[in-house]
**Q** 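Sharing a structure below in structure tokens format, with a few things to ask.
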Protein chains: 2
Amino acid sequence: MAEADKGAAVLSQDSRRRQTSWSTAEAIKGYIRDHGLTSGEPLPTETELCEVLGVSRSSVREAIRTLASLDIVQVRHGYGTYVGGLSLAPLVSGLVFRGSLNQDGTFGTLREVLQVRIALDLGVADELAAHYRGTTNSALRALVTQMRAHSRAGESFAAQDGEFHRQLLAPLDNTLVRQLVAAFWEVHTNVVPMLGIPRAADIDSTVEAHDEMLDALEAGDAEAYQQAVLRHYAPLRNAIDQALANG
Amino acid sequence: MAEADKGAAVLSQDSRRRQTSWSTAEAIKGYIRDHGLTSGEPLPTETELCEVLGVSRSSVREAIRTLASLDIVQVRHGYGTYVGGLSLAPLVSGLVFRGSLNQDGTFGTLREVLQVRIALDLGVADELAAHYRGTTNSALRALVTQMRAHSRAGESFAAQDGEFHRQLLAPLDNTLVRQLVAAFWEVHTNVVPMLGIPRAADIDSTVEAHDEMLDALEAGDAEAYQQAVLRHYAPLRNAIDQALANG
DNA sequence: GCAGATTTGTTCGTATGTATT
DNA sequence: GAATACATACGAACAAATCTG
């Protein structure tokens, strides 16, 4: 585990260099790397790791718990420990917690998340337009139809919205971008209910913007897609600005 | 801790709902929230938390370790536990580990990180241009000068590059974006050395692109800034594409 | 469905290292 | 330097969950 340790260099090295729980976590990461394990494959049992690493079970457990919270390993009670999904779940829970700390921070977090979501959506315009040019996408259109129905009935369409964005970015050859977009969508939908903001009057335009985004992409027009993305986020952006101005 | 728990819903809810170490971590988060604690403020000692939460020390310790790995709390050996910086450190370490898993994944990770960095830099163009319009920034210019000197001497200028980007985005009224940019910069600089790629011949153009970015911003020209950003990343992008094609 | 083996989860007690006063 | 408070580490025991035959 020579070079890859540098990722943990964000922490104070010297003070933690000797601590067994820290080095144990690094050792387990090294074990995964050296044995070429990938997501879902089993790790040795806790007692086996104790022997291999030469530390007590308590230390192994704390190290495993640390790695589990980062989704590097996954523990199944009574069965075993496995390599985790390496997802962005820790990012989500951290940001949601940050947003839940205080009412001011909630609005601020949402505003900041919104700007990031917009930047990411705009940043993949070219790649998406190139992929969708000349295609027809009935599954995505169906989701918009469902969204429209729910919106007119005054109901939430979060599920369909999430699925739309997930499917829309599915062809992207960039796992990180897809995970980031999904993560910030999740933070977004978790933070919004904390605010108790009234249902925006112009929420319907968000639904229609999904259709416009798809229109633009199927026409291969990246710029029109970007404009539709901005219209898509406009109602929420207005609601936040208004709330920040009033509060 | 009613609604804010949803952030943890990414994990398998039912199986973890009853586990004390999981609920203990949630309880500590609730303690922080309910007492309005902010970064740097002290938490009760482990033994006090045991009494308040009614669980054993081991469970409290594992919960604290979980939260520490998410930078929600910070433990100072022999002194006490404090509310953490709520930084994006877990994101960095997770991505660096992902990049270290295998050689193929390293290039892939770098390529993906690069696309995200570009999207974020482009996404803040308007805000930066509005802020820098008509200003002169000697500190940033000095960093570019240092970069140029190091580059011509065949040395690394990573430190100055990181500082340049950090200072450039400092005026942004968006903590999340600044942290994300810094985090991905860190992942980037940690992953690159794993590849052993030769020094690109066109690396000098990266240095000059920093000057061009600043020129554009001081002129208030967001679009010129975006072009400079793309030029800034072009050498590395070429190196990656070439490596992916050859390997 | 049941019983037993395996594995993780929780707890306690004790000894040690570390930082502050 | 001494005293105090605290975190760190270890080992052992028992509880709970899961799989296998």
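Below, read A as the first sequence line, B as the second, and so on, with proteins coming before strands; counting in each chain starts at 1. Predicted model only: the values in this text are computed from it and were never measured.
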**Q** Measure all distances between protein nitrogen or oxygen atoms and nitrogen or oxygen atoms of nucleotides 6-9 of chain C, and list the pairs falling under 3.5 Å.
**A**
from  : atom 1 : to      : atom 2 : distance (Å)
C:dT8 : OP1    : A:Thr81 : OG1    : 3.4
C:dT8 : OP2    : A:Glu46 : N      : 3.0
C:dT8 : O4'    : A:Gly78 : N      : 3.2
C:dT8 : O2     : A:His77 : NE2    : 3.1
C:dG9 : OP2    : A:Arg61 : NH1    : 2.8
C:dG9 : O4'    : A:His77 : NE2    : 3.3
C:dG9 : N7     : A:Arg57 : NH2    : 2.8
C:dG9 : O6     : A:Arg57 : NH1    : 3.2

**Q** Got a salt bridge between A:Glu62 and A:Arg65, using NZ or NE/NH1/NH2 to carboxylate O under 4.0 Å?
**A**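 A salt bridge is absent here (no side-chain N lies under 4.0 Å from a carboxylate O).
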**Q** Expressed as a whole number of angstroms, how long is the span from A:Leu53:CG to D:dG11:P?
**A**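 So the two atoms are 13 Å apart, to the nearest Å.
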**Q** Does NZ or CZ of B:Arg76 lie under 6.0 Å from the centre of the six-membered ring of B:Tyr82, at an angle within 45° of the ring axis?
**A**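 Yes, a cation-pi geometry holds between B:Arg76 and B:Tyr82.
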**Q** Mind calculating the distance between CD (B:Glu51) and P (C:dC12) to the nearest angstrom?
**A**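 Interatomic distance, CD of B:Glu51 to P of C:dC12: 12 Å.
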**Q** How about B:Val207 and B:His150: do any of their side-chain heavy atoms sit closer than 4.5 Å?
**A**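 Not in contact.
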**Q** Under the side chain to side chain donor-acceptor pair (under 3.5 Å) rule, collect the residues that match up with A:His165, sequence neighbours excluded.
**A**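 Expected list: A:Asp161, A:His210, A:His232.
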**Q** Just checking B:Ser58: base, sugar-phosphate only, or nothing, at a heavy-atom cut-off of under 4.0 Å?
**A**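 The answer is base, as B:Ser58 lies within the cut-off (heavy atoms under 4.0 Å) of a base atom.
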**Q** Can you find a side chain N or O atom of A:Ser59 that sits less than 4.0 Å from OP1 or OP2 on D:dT8?
**A**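 For A:Ser59, the contact criterion (side-chain N or O under 4.0 Å from OP1 or OP2 of D:dT8) is not met.
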**Q** Is the centre of the B:His188 ring less than 6.0 Å from the centre of the B:Phe184 ring?
**A**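 They do not qualify: ring centres at least 6.0 Å apart.
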**Q** Out of curiosity, B:Arg148 CZ to B:Thr206 OG1, how far, rounded to the nearest 0.5 Å?
**A**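 One gets 12.5 Å once the value is rounded to the nearest 0.5 Å.
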